[in-house]
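Take a look at the structure below.
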Amino acid sequence: MQEEYDALVVGAGMSGMALAFRLALFGKKVALLESHSIPGGLNSYYSRENYSLDVGLHALTNFVTRDAKKADQPLFKMLKQMRWRYDDLKLIPQVKSKIIYPDKTLTFTNHIEDLKNEIKNKFPEEYNNFERLLKFIEHFDELDLTLTHQSAKNVLQEFFSNTQLIDMLLCPLLVYGSAWERDMDLAQFVIMFKSIFLQGFMRPHGGVRTLINKLMEDLKKVGVHLFFKSKVDELYKDDNHWMIKKGEKIFKAKQVYSTIGAPETFKLIKEAKETHQRGPLSFVEALFVLDKRPKEFGEETTIAFFNKSSKFAYERPQTLVHSDFAVLCFSNNFAEDDLEFPLVRVTLLANFEKWKSLSRSDYKSEKKKIETLAFDLLCQFSPGFKAAQIKFSDVFTPLTVQKFTRREGGAIYGSTDKLRDGKTAYKNLYIAGTDQGFLGVIGSLLSGISMANKYGLINDTNTETRI
Amino acid sequence: METTQGLDVRQIVMDIIADIALDQDLSAVDDNKPLREQLELDSMDFLDIVMELKKRHQVEVPQADFPRLATLKSCVEYLTPKFA
Ligand SMILES: Cc1cc2nc3c(=O)[nH]c(=O)nc-3n(C[C@H](O)[C@H](O)[C@H](O)COP(=O)(O)OP(=O)(O)OC[C@H]3O[C@@H](n4cnc5c(N)ncnc54)[C@H](O)[C@@H]3O)c2cc1C
């Protein structure tokens, strides 16, 4: 049996769902194929021992208040394109986050004034330079798709002479938004700087389920044809159509949008014209359900970027994990505590190959060790937790990420080669999501939206536009 | 006759904007002022207006004519003949 669609979308992660929604909203017949039994991809959810958990959600970026100026705010762009109200996601802003180095800490909130004051106090000689940087960022057009690569670090060195400040500012931006090691592209730096320092962190009330449920409800409303447990094994084409065979059924369409990653997509094509570098970075995350809320252990921080050495290295560690640096997320410490139980996440940079080379029994025992190490880091950061009882814990590794999302090497931020305009060497095959270059949950949603607009919808109106 | 038509087209455009910018208060729109500034619309929103016009009313707006959607008044002037 053969069925023809206007477009096939591979992967029901954030980008695939947003993309399929936009196409179907304007009358396209769309099939969305997902290998897993539930949607969400890298930011999905699961339940264990009666605890409903998000796979990895620390925070969404791009927070702005309801009455903020709307023009040029990614959050409002996303809301309007998805036809959502501000209240649909029940967004809760963060309280405060910290970048910690052995001798200095910078605290930031969703108000840039707070970070400015921190810099005035802790790096007084750099304060004017920071103001200059803010002006530069304000006037930078990070969405210009014709920009060529420039090192953010090099540009920051033109602003600051204190390299520690450069490292500290880069730290959260790299961790939440760089597929490259050590440095990031200037445009990506500006996107992340605005998303985190100028806008801010937030979480939907109820976590990622709130967002995914809303997406699913809308996908059904606009009539997207949803296929779960439908892993795409091969993409092939005749003269005019792409085809995907699933059992007895052949899905056929002029256009295919793949959100599973560039290297992963090209592997679906026999005799591929393109191959693609897979990303070097992956993470291990330990999560702990505790007996009491973080506040009761004396901790009010939302997210801590906890660096024990004086140099921060955002790179693949030579060992299983990097044990000198952790991101600690206290999910209860947003402006409102919407969780039913106390939850702390500890995330470490990890090396996929090292995890992969372990035997089954070593893998188990190393996971256990990571749990101990992670809890130890938590107690070093915030000694009050020494009194905490662990009610439930779980650890996922780069292998877990690869298993559930099929991201090669468990590379959460995808390949280092981004295809910024979404085009591939193949006609009518487009890449959206992580490997188009917009990272994180909000980034992937916007990627899906902009690729749908650019290749699926604008042709209908003969228009070219910027995202 | 012309006024009723004008009103209808104005309502058609307002209905579309209301569905796109769900959080925006549309009660005080000035027909003579640019929609972009008043309602904080961007190019993506204008594109959605154009696509909705096509989807709901089979009315096409070529890109060269986008500037004519700048204000509600100019929308009505430009679109009314297309609805005739
Ligand atoms: C542990 C963790 C924590 C994170 N924390 C945050 C955070 O706090 N804030 C934030 O903003 N971002 C966070 N991220 C990043 C964020 O989740 C991702 O950037 C985003 O979800 C990527 O979406 P995507 O649509 O590009 O890709 P994906 O989510 O990878 O979507 C691709 C989909 O395709 C499916 N698929 C793969 N292969 C096939 C195939 N052959 N056939 C069919 N389907 C297939 C996958 O199952 C998946 O559902 C985190 C990620 C992880 C893993």
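Convention: sequence-line order gives letters A, B, ...; per-chain numbering from 1.
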Measure the spacing between CZ of Arg22(A) and CG of Asp48(B) and express it to the nearest 0.5 Å.
-> 4.0 Å
Would you give the length of the straight line joining atom CG of Asn453(A) to atom CE of Met44(B), rounded to the nearest 0.5 angstrom?
-> 5.0 Å
Of all of Ile20(B), Asp42(B), Asp19(B), which one pairs up most often with chain A through heavy atoms under 4.5 Å apart?
-> Ile20(B)
Residue selection (most heavy-atom pairs with chain A, distance under 4.5 Å) from Gln24(B), Lys55(B), Glu37(B), Arg36(B) =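 Highest number of heavy-atom pairs under 4.5 Å: Lys55(B).
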Leading residue by heavy atom contact count with chain B [cutoff under 4.5 Å; candidates Leu25(A), Asp87(A), Leu79(A)] |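 Going by pairs under 4.5 Å, I would pick Leu25(A).
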Highest number of heavy-atom pairs under 4.5 Å with chain B: which of Lys70(A), Arg83(A), Arg85(A)?
-> Arg83(A)
Please answer whether the main-chain N or O of Phe26(A) pairs with a side-chain N or O of Lys54(B) as donor and acceptor at a distance below 3.5 Å.
-> no
So, for Lys80(A) and Asp45(B), which heavy atoms are closest and what is the spacing to 0.1 Å?
->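 Nearest pair, atom of Lys80(A) first, then Asp45(B): NZ-OD2, 2.6 Å.
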Side chain / backbone / both / neither for Ile449(A) at chain B, heavy atoms under 4.5 Å = side chain
Inspect the surroundings of NZ in Lys82(B) and state if more than 12 heavy atoms from other residues, nucleotides or ligands are less than 6.0 Å away.
-> yes
Residues, nucleotides or ligands: over 12 heavy atoms within 6.0 Å of His57(B) NE2 =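 Yes - once you tally the heavy atoms of other residues, nucleotides and ligands closer than 6.0 Å, there are more than 12.
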